[in-house]
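Residue numbers begin at 1 in each chain, while the letters A, B, ... track the order of the sequences.
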Protein chains: 2
Amino acid sequence: MEKVTMKDVSRQAGVSMSTVSRVLNSPESVNREKREKVLNVIKELKYHPNALARGLVYKRTNSLGVLIPDVSNAYVAEVIRGMEDTALHFGYNLILCNTDLDQEKMVKYLQVLKEKQVDGIVFTSEPVTSELNELFEQLGLPVVLASTQSLEYNLPSVKVDDEKAAYDAATYLIGKGHRKIGMISGPTFDIISGATRYYGFQRAMKEKLQINAENMVEFGSYRFEDGYNAMKKLLKRKPDMTAVFSASDEMAVGAITYLHEEGISVPGDISIMGYDNTKFASMYIPKLTTVAQPMYEIGKTAVEKMMEQLEGKEETTLRSYLAHQIIERDSVRER
Amino acid sequence: MEKVTMKDVSRQAGVSMSTVSRVLNSPESVNREKREKVLNVIKELKYHPNALARGLVYKRTNSLGVLIPDVSNAYVAEVIRGMEDTALHFGYNLILCNTDLDQEKMVKYLQVLKEKQVDGIVFTSEPVTSELNELFEQLGLPVVLASTQSLEYNLPSVKVDDEKAAYDAATYLIGKGHRKIGMISGPTFDIISGATRYYGFQRAMKEKLQINAENMVEFGSYRFEDGYNAMKKLLKRKPDMTAVFSASDEMAVGAITYLHEEGISVPGDISIMGYDNTKFASMYIPKLTTVAQPMYEIGKTAVEKMMEQLEGKEETTLRSYLAHQIIERDSVRER
DNA sequence: CTGAAAGCGCTTACAG
DNA sequence: CTGAAAGCGCTTACAG
């Protein structure tokens, strides 16, 4: 299976390489007969242009690098899906990089992506440290932030307004008649999804119920086990809670599992509200009432923003917020 | 941010490009002083070699194309994770392609991957049609099959022995004292995961219980809704079943949901056994007893097989089977 | 150990 | 409309 190149095609078709190239890139500029001849030879020889060579002269590869914490995370996977569909639509491919939130891996990947001449980087679900920002600048590649943002650096970003979303969730719970509401929060050092949701919750408690709910909160890292453990502590401390808002669906499910083991019914005794609306949420018993993040749309919008940058469009909004939505299902009941 | 090339480095360091190149590729062959000089200039100028140019001469890109049905599928995402970690380990990157089982998209992607000069293709979770096989041959790229296989074509593959796994699952249920066992199967036209698991189940019924269980089966496409609907039909037809084996965790959960709505307890009244062991399975109530596929390992092994091919190692096993495992949890009870 | 030159496979002014 | 030539950024024999 010898590689067939443009030279082979040109020879076989009896034209110059320039002509073959033109047939590929601006067919109208080529005499019809020749064009068809070339096209036939291309088919016959099964010629595939070499995108490396082409990229070398165009200085574009139509490839994007995507940094994510972990594909196997349901939330992330959905975001990627949105990115990939959109990239395909614009004729781009995605190079996938799992960082595990590991700075070293990120730096390594960024290096490689630069070398592979990706046209841009989509950076997902991770805070932008100053080292990272410096690296971005040094690489000189367009960067778009998906499901994260930076207040310090001027990087285009797309995410949900987490503070507002959490505020709305708490308000929803209050609207359902709940007064003693706990929260299972992400870590407050996570300024993207931890602190924001925490403050949104607190603000609702303050504004709507005039209470300081700081002691109604336990923390975890968004995982099932974290939710389970947090619920255990929370229940011990505040046995009279009637509802709990969890900063992730997975923690919500962990919480429900603990309550179930204790013979406490959801939503009969305690209502549980999640966050994310991963697929999981609607397949659970009880089906989870939760704050939906438009994951697919976040991925889609991030890539669209990247395209705007690459196409040199005028600056659109730097920091975009996509609408969240409260999905009413069965894990919260009226009180 | 002007692009700095090897030429810039060579000029600045006062050596030839050849020398710069050598410093990068076989540093020992370069005089120490010069080498350090060059290294310093590289650092100073923040030089990043251009992988396109390099790939053009090496005829290798250290990139792999990955065709998958859908990243947002938990099973697939886990497989990809295994691939990506392993690829990284070997110094490779992954270009992600969601096919949605759409032949046209596949063909299109394969075309692009060929043009981008990927070193190989990992094809996942989809049957290999004759058109596809022809395309593979035409492209002349190494292909490895992950979580699928081909009996007709000699393509290296990695998967679980689904027939045996289903056989073991049914046997497990029988061992727990169940005699009237239903199955929610994938479609039999799906010869990879549908027919195989179906036959494995039937074989166990025949060998262990001497019964023909053909009328104990309903079919679905592995999704939640399918499981729900199949369970409904199955229950109507065979109300005296005590256990059901589902060809996916998601369908198992759909089935449980239906039973729950009918006030039938799992595993109290009916035991349910799943397949896959996606993360989901252990977070459910009841925690799902299921057949675990080593998803991460499948991805890992697939990439390892690819590396063997690329490194021209001697042929190892063409069709590999990774061990499945029965994970006992709470959705099946002794009878 | 080091440099000049050719070549990897394309595209793009520049002439004609 | 078409071809020859230069160039994209690297590597690799080939001399020295």
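- The residue A:Ser18 sits close to a base: some heavy atom pair falls under 4.0 Å.
- Side-chain polar atoms of B:Tyr296 and B:Asp85 form a donor-acceptor pair below 3.5 angstrom.
- Side chain of B:Thr301 to backbone of B:Ile298: no donor-acceptor contact under 3.5 angstrom is found.
- Listed by residue number, the members of residues 31-40 of chain B with any heavy atom below 4.0 angstrom from DNA chain D form an empty set.
- Going from atom CD of A:Gln117 over to atom P of C:dC10 covers 18 Å, rounded to whole Å.
- Side-chain atoms of B:Lys159 and B:Thr148 include no donor-acceptor pair closer than 3.5 Å.
- For the segment residues 47-63 of chain A, the set of residues with a heavy atom within less than 4.0 Å of an atom of DNA chain D comprises A:Leu56, A:Val57, A:Lys59, in numerical order.
- Summarising the geometry, the separation between CE on B:Met17 and C1' on D:dC8 is reported as 11 Å, rounded to the nearest angstrom.
- Checking the phosphate oxygens (OP1, OP2) of D:dC1, no side-chain nitrogen or oxygen of A:Ser29 falls inside 4.0 Å.
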* To do: Would you sort out whether A:Val79 and A:Arg81 count as a side-chain contact (heavy atoms from CB on, under 4.5 Å), showing the intermediate values?
  => CA-CA 5 Å; A:Val79 174; A:Arg81 190 48 151 107; over 6 Å; no
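- Stem list for DNA chain C (at least 3 consecutive Watson-Crick or G-U pairs, distances under 3.5 Å): C:1-3 with D:14-16, C:5-12 with D:5-12, C:14-16 with D:1-3.
- Every residue was checked against the side-chain hydrogen bond (donor to acceptor under 3.5 Å, both in side chains) condition with A:Glu304, not counting sequence neighbours, and none meets it.
- Between the side chains of A:Lys116 and B:Thr61, no donor-acceptor pair of N or O atoms lies under 3.5 Å.
- Judged as a side-chain hydrogen bond (donor to acceptor under 3.5 Å, both in side chains), the pairs with a partner in residues 43-58 of chain B (not counting sequence neighbours) are, in order, B:Gln12-B:Glu44.
- Backbone-only engagement by B:Thr5 is indicated by non-hydrogen atom pairs under 4.0 Å involving sugar-phosphate atoms exclusively.
- The main-chain N or O of B:Val23 is never found under 3.5 Å from a side-chain atom of B:Arg35 such that the two would form a donor-acceptor pair.
- Ring pair B:Tyr75/B:Tyr222: centre-to-centre distance not below 6.0 Å.
- For B:Asn25 and D:dT12, the CG to C1' distance is 10 Å, given to the nearest whole Å.
- Looking only at atom types and distance, the side chain of B:Gln103 has a donor-acceptor partner in the side chain of B:Thr129 under 3.5 Å away.
- In this model, the phosphate group of D:dT11 is approached by a side-chain N or O of B:Ser21 to a distance below 4.0 Å at OP1 or OP2.
- Atoms CG (B:Leu45) and C1' (D:dG9) sit 15 Å apart, rounded to a whole Å.
- One atom, CG of A:Leu24, and another, P of C:dT11, lie 6 Å apart when rounded to the nearest Å.
- Residues forming a side-chain hydrogen bond (donor to acceptor under 3.5 Å, both in side chains) with A:Tyr153 (at least two apart in sequence, or on another chain): none.
- Atom NZ of B:Lys3 and atom P of D:dG7 are 19 Å apart (whole Å).
- Atom NZ of B:Lys114 and atom P of C:dG9 are 12 Å apart (whole Å).
- In this structure the side chain of B:Leu310 never reaches within 4.5 angstrom of the side chain of B:Phe90, judged on heavy atoms.
- Whole-Å rounding puts the B:Arg22 CZ to D:dC14 P distance at 13 Å.
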